[in-house]
Amino acid sequence: MEPLYKPEGVEERWQETWEAEGLYEAHAERGGETFVIAHPPPNVTGELHMGHALQLALADTLVRMKRMQGFNTLFQPGYDHAGISTQNAVEKDLAKEGKTRHDLGREAFEARVWEWLRLYGRTIMTQFRRIGASLDYRRERFTMDDDYVRAVMRFFVHLYRKGWIYRDNRIINWCPFHETSLSDLELVHVEVDDALSYVTYPFVDGEGGVTIATARPATIPGDVAVAVHPDDQRYRDVVGREVVVPHIERHVPVIADGEVDPEFGTGALKVTPGHDPLDFEIGRRHELPEPMVIGPDGRMNAEAGDLAGLTQEEAGERIIAWAKERGLLEKRESYRHSVALCERCESRIEPLISEQWWCSMEELKKPALEALRERRVRYHPESQHRFAVDSLENAPDWNISRQLWWGHQIPVWYCPDGHITVDETEPEACAECGSIDLRREQDVLDTWFSSNLWPFATLGWPDDTPDLRVFYPGDLNTTAREIIRLWENRMIFSGLEIMGDVPFHDVVIHTTVMAPDGRRMSKSLGTGIDPLDLIAEHGADATRYGLLKMSSSQDVRFSHGAVEEGRKLANKLWNVSRLILANAEGIEPRVAPQETEERWILARLEATRAEMEADLAAFDFAHAVQSLYRLTFDDFCDWYAEAIKPRLYEKDEDAAATALAALERLLRLLHPVMPHVTEEIWSNLPGREARLIVSQWPEPDERFAADLGALDGVQDAAAIFRRSGVLVDLEGDGQRIFSAVVKPERVQANGNEEAERERLRKEIARAEGMLANERFVANAPEDVVAGEREKLERYRRELDALGG
RNA sequence: GGGCGGUUAGCUCAGUUGGGAGAGCACCAGCUCGACAAGCUGGGGGUCACUGGUUCGAGCCCAGUACCGCCCACCA
């Protein structure tokens with residue numbers, strides 16, 4: 001064993017060994033209590049990023065502890081086909097050849113996607129392995145696998161037959177590049193500098209007109225009304241009159257609608273139902289026509305008259321010029337506002353009216369809300385629970401169709417008469433008229449529609465499988481905040497609807513790791529830190545430790561120090577193992593405590609076991625690793641190992657055997673967080689048959705717990721060691737030396753002890769002061785007062801022991 | 001505009017029913033003694049963002065202010 005622990009090579013070797021020996025595998029027939037995490041499937045085109053790494057570190061720590069505790073543990077891996085993201089990647093690839101997907105046609109494009117995925121996709125599981133994630137990789141699923149597609153079709157048909165899926169013409173977000181609708185959640189908003197144009201719409205009869213403000217003059221030909229707030233006195237006499245829309249010269253009414261903001265612009269809003277979500281609503285309320293003047297390609301269409309074919313920018317300029325010539329342009333001012341972009345291609349989103357498939361939330365959300373309110377699913381932290389409930393309560397109907405070519409094609413067939421046949425597989429004839437001339441719906445489903453099924457489709461649903469019976473429902477899901485509405489809530493209602501039970505009971509909303517400068521980590525900003533670089537430099541164990549350490553609050557700046565701390569911990573563990581192993585040749589681990597320090601370290605190990613279990617039960621990973629760090633560095637290495645050194649050198653068998661036993665317990669506690677270095681050390685221990693990964697988690701041990709109490713309940717090692725006489729200070733330089741163990745009567749006075757006495761005197765003075773305060777004694781809870789009395793007595797005893 | 005979170009040492013962050021202001025890194029000093037110099041020992045360093053309140057006592061509880069961040073939102 002080298003004095004410097006080098007994780008490279010060691011970690012890969014154990015990862016391969018564990019997997020080859022089948023130690024990651026879950027088997028339904030094994031029986032016993034289960035612990036299941038269906039890990040969020042990364043995009044099939046994805047690369048490991050900090051979010052994945054953190055998520056894996058959190059989940060794998062739990063999985064490994066549960067595995068050691070004897071649970072039948074399933075950690076489910078797999079990939080999401082990520083419709084628009086994958087299609088976008090392949091289209092970019094095609095663009096390099098100067099082609100678009102239309103040059104290939106749908107079938108050939110789909111084949112191209114599969115080929116592309118064969119070459120470049122599915123790489124992230126290798127990276128998952130490299131961080132030590134103990135997923136059952138044999139069970140890798142893909143949302144486009146035949147079985148999974150069958151599940152998606154079954155789900156769609158199920159919802160359709162319940163009457164919760166319908167088709168409707170509504171305003172949607174349209175990406176002109178991908179030529180598809182997008183949900184609100186697939187957009188990003190950015191601030192842009194634009195112009196706000198004040199244009200006057202003259203009255204049809206009489207002088208003057210109404211001036212509106214618009215940032216999108218190109219939509220003017222789609223105007224069907226001008227709207228003002230009903231209480232707006234400025235326009236009291238105008239409502240009901242007609243005005244002329246510039247350029248297209250359409251006569252439209254002035255209407256009153258409460259949604260108009262009187263504060264904005266002139267307080268008058270041009271109403272364009274075809275190209276604005278708010279206007280669409282107003283239009284429907286007032287039963288206005290819904291002309292569209294912008295086509296799916298983002299350019300002006302035939303409805304726009306002589307502007308047809310122009311870009312919106314060109315059309316807007318033409319219209320503004322037209323108004324200016326006629327004195328209808330009051331002013332133009334610069335205007336900064338946010339616009340919606342497609343999150344994949346950053347094209348500007350066009351709101352337009354389109355026929356889409358929708359999923360009603362009305363009935364689906366009811367049982368899910370009930371489950372959340374009854375805490376059958378708990379969000380952590382608790383504040384996210386309220387957000388989840390609010391989001392679900394207010395969830396609008398869900399646009400589930402996308403005009404993409406990569407995804408699950410909607411299982412709907414049309415006959416020439418327009419009848420609709422819905423089935424899991426291609427029907428032979430129209431269900432209504434028997435026509436065999438059927439054409440399948442071209443749209444595919446929103447990717448999240450299939451992601452919803454992840455917790456049970458990966459287990460074999462719609463078939464009734466042993467896996468499904470044993471491993472559903474699962475236990476928890478870990479995810480980022482922004483995924484709550486996209487995925488978590490939808491998994492909950494899908495699980496309840498299909499399986500009759502929630503898919504998991506806890507949702508851990510994890511920390512967002514920001515760049516060191518506080519900005520979001522992002523490829524485009526160049527602020528990202530590659531977890532694989534961290535693993536290469538410091539090892540997977542150190543990276544896991546660092547990420548867990550950072551996981552305390554809602555957002556945290558990435559800290560190299562936390563990862564380096566993990567590396568130091570691994571190295572420390574490695575070296576203290578060398579000390580013990582070098583002095584315990586031929587000795588078997590045995591708990592045979594002879595001295596105070598041995599009883600003390602066993603008690604500390606026991607206390608830390610309890611702390612760690614409590615911390616992890618509360619998903620407080622940062623505290624768990626902090627406990628482990630203190631235990632290893634402060635207690636085990638700095639105090640215990642130093643204290644037993646002399647006896648180890650003297651070949652004291654009890655001391656060596658106990659040290660081995662203590663080390664075993666330490667390794668077990670650390671394994672969930674730092675699996676590789678602990679397994680490596682474990683393999684060097686005498687008489688080890690089973691791997692550490694499947695060894696038994698330490699059982700609570702009353703002896704040690706009682707000892708900790710007997711040691712005065714004080715966890716301060718210095719106080720205990722000083723009293724036991726193990727701790728001696730050399731005169732003069734204040735060095736702490738253990739090499740000469742002396743009896744209590746030989747404990748020498750020194751600077752440290754004086755400092756300790758001083759500390760105790762201060763404590764005693766404080767406690768005395770409080771207890772002398774009548775109002776404190778009268779008003780404070782009894783146990784607090786009693787606690788102070790106990791402390792006072794204890795401090796006095798300690799001070800006496802130090803000869804103060 | 002709404003929601004959530006943050007402000008504690010030079011940096012990243014702990015601080016669990018209100019009673020000692022802490023860790024790691026960085027810095028300074030001293031140590032190669034048979035685990036570890038990626039180490040050990042010791043040390044310096046903070047007006048706990050600000051204002052007010054409650055309390056015998058506030059980093060912690062309450063009200064407000066300022067700044068930072070994230071998420072969400074149909075301001076044309």
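Every chain is numbered from 1, with letters handed out A, B, ... down the list of sequences.
- The separation between A:Leu548 atom CG and B:rA14 atom P is 14 Å, rounded to whole Å.
- Of the candidate nucleotides B:rA35, B:rG24, B:rU41, B:rU41 has the atom nearest to the side chain of A:Asp638.
- Across B:rG45 and B:rG22, the matching P atoms stand 12 Å from one another, rounded to whole Å.
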Return the polar atom pairs (N/O with N/O) between nucleotides 6-12 of chain B and the protein under 3.5 Å, or none.
from	atom 1	to	atom 2	distance (Å)
B:rU12	OP1	A:Arg557	NH1	3.2

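- Heavy atoms of A:Glu564 sit nowhere under 4.0 angstrom from any nucleic acid atom.
- Pair assignment for B:rU51: B:rA63, on the basis of Watson-Crick or G-U wobble contacts that are both within less than 3.5 Å.
- Nucleotides B:rU54 and B:rC67, compared at atom P, are 28 Å apart to the nearest Å.
- A cation-pi arrangement is absent between A:Arg604 and A:Trp639, since the terminal nitrogen or guanidinium carbon is not both under 6.0 Å from the aromatic centre and inside a 45° cone about the axis.
- If you check the side chains of A:His286 and A:Asp257, you find a donor sitting under 3.5 Å from an acceptor.
- Ring geometry for A:Trp487 versus A:Trp448: interplanar angle of 30 to 60°, hence tilted.
- Counting any heavy atom pair closer than 4.0 Å across all strands shown, A:Phe633 reaches sugar-phosphate atoms only and no base atom.
- Within the structure, a side-chain polar atom (N or O) of A:Tyr649 is placed less than 4.0 Å from OP1 or OP2 of B:rA35.
- Side-chain atoms of A:Asp541 come within 3.5 Å of backbone atoms of A:His676 as a donor-acceptor pair (strictly under, hydrogens ignored).
- B:rG20 and B:rG59 are spaced 10 Å apart, taking the P atom of each and rounding to whole Å.
- For the pair A:Ile509 and A:Val507, the minimum side-chain heavy-atom distance is below 4.5 Å.
- Computed from coordinates, the A:Ile484 CD1 to B:rG5 C1' distance equals 13 Å when rounded to whole Å.
- Comparing the C1' positions of B:rA76 and B:rA63 gives a spacing of 38 Å, expressed to the nearest Å.
- The only member of A:Glu565, A:His538, A:Glu564, A:Arg567 that meets side chain to side chain donor-acceptor pair (under 3.5 Å) when paired with A:Tyr545 is A:Glu565.
- Surrounding CD of A:Glu585 are at most 12 heavy atoms belonging to other residues, nucleotides or ligands under 6.0 Å away.
- Judged by distance alone, the side chain of A:Thr511 and the main-chain N or O of A:Ser553 form a donor-acceptor pair under 3.5 Å.
- For B:rC4, the paired base is B:rG69 (Watson-Crick or G-U wobble, both distances below 3.5 Å).
- A:Tyr640 is not listed as a side-chain neighbour of A:Asp635, based on a closest heavy-atom distance of 4.5 Å or more.
- Distance, A:Arg578 CZ to B:rG39 C1': 12 Å, rounded to whole Å.
- B:rC4 atom P lies 15 Å from atom NE2 of A:His385, rounded to whole Å.
- Between B:rC68 and B:rA49, the two C1' atoms lie 11 Å apart (nearest whole Å).
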Exercise. Given A:Lys549 and A:Ser551, is the side chain to side chain donor-acceptor pair (under 3.5 Å) satisfied, shown in steps?
Worked result: CA-CA 6 Å; A:Lys549 184 83 192 287; A:Ser551 69; over 6 Å; no
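- Side-chain atoms of A:Met612 and A:His623, non-hydrogen and from C-beta on, never get closer than 4.5 Å to each other.
- On the C1' atoms, B:rU12 is 24 Å away from B:rC50, given to the nearest whole Å.
- Across the protein-nucleic acid pair, A:Tyr640 atom OH and B:rA35 atom C1' stand 14 Å apart, rounded to whole Å.
- What separates CD of A:Glu382 from P of B:rG3 is a distance of 18 Å, to the nearest Å.
- The C1' atoms of B:rC33 and B:rC28 are separated by 24 Å, rounded to the nearest whole Å.
- Both A:Leu4 and A:His623 lie near RNA chain B, and the one whose nearest nucleotide falls closer to the 5' end is A:His623.
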Exercise. Tell me, for nucleotides 69-76 of chain B in 5' to 3' order, what letter each nucleotide earns: B for a base near a protein heavy atom under 4.0 Å, S for only sugar-phosphate near one, - for neither?
Worked result: BSSSSBBB
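- Taking only side-chain nitrogens and oxygens, A:Lys645 comes nearer than 4.0 Å to OP1 or OP2 of B:rA35.
- The CG atom of A:Leu581 sits 10 Å away from the C1' atom of B:rA35 (whole-angstrom rounding).
- At the heavy-atom level, A:Ser552 lies under 4.0 Å from the strands shown only through sugar-phosphate atoms.
- Under the Watson-Crick or G-U wobble criterion, with both distances below 3.5 Å, B:rG44 has no partner in any strand shown.
- Close placement of the A:His560 and A:Phe558 rings is indicated, their centers lying within 6.0 Å of each other.
- Between B:rA38 and A:Arg567, no contact under 4.0 Å exists linking OP1 or OP2 to a side-chain N or O.
- If you measure from atom CZ of A:Arg630 to atom P of B:rA14, you get 14 Å, rounded to the nearest angstrom.
- A sub-4.0 Å separation between OP1 or OP2 of B:rA23 and a side-chain N or O of A:Lys549 is absent.
- Straight-line distance between the C1' atoms of B:rA9 and B:rC27: roughly 12 Å, to the nearest whole Å.
- Minimum atom distance to the side chain of A:Arg386 is reached by B:rC4, of the listed B:rC4, B:rA35, B:rA14.
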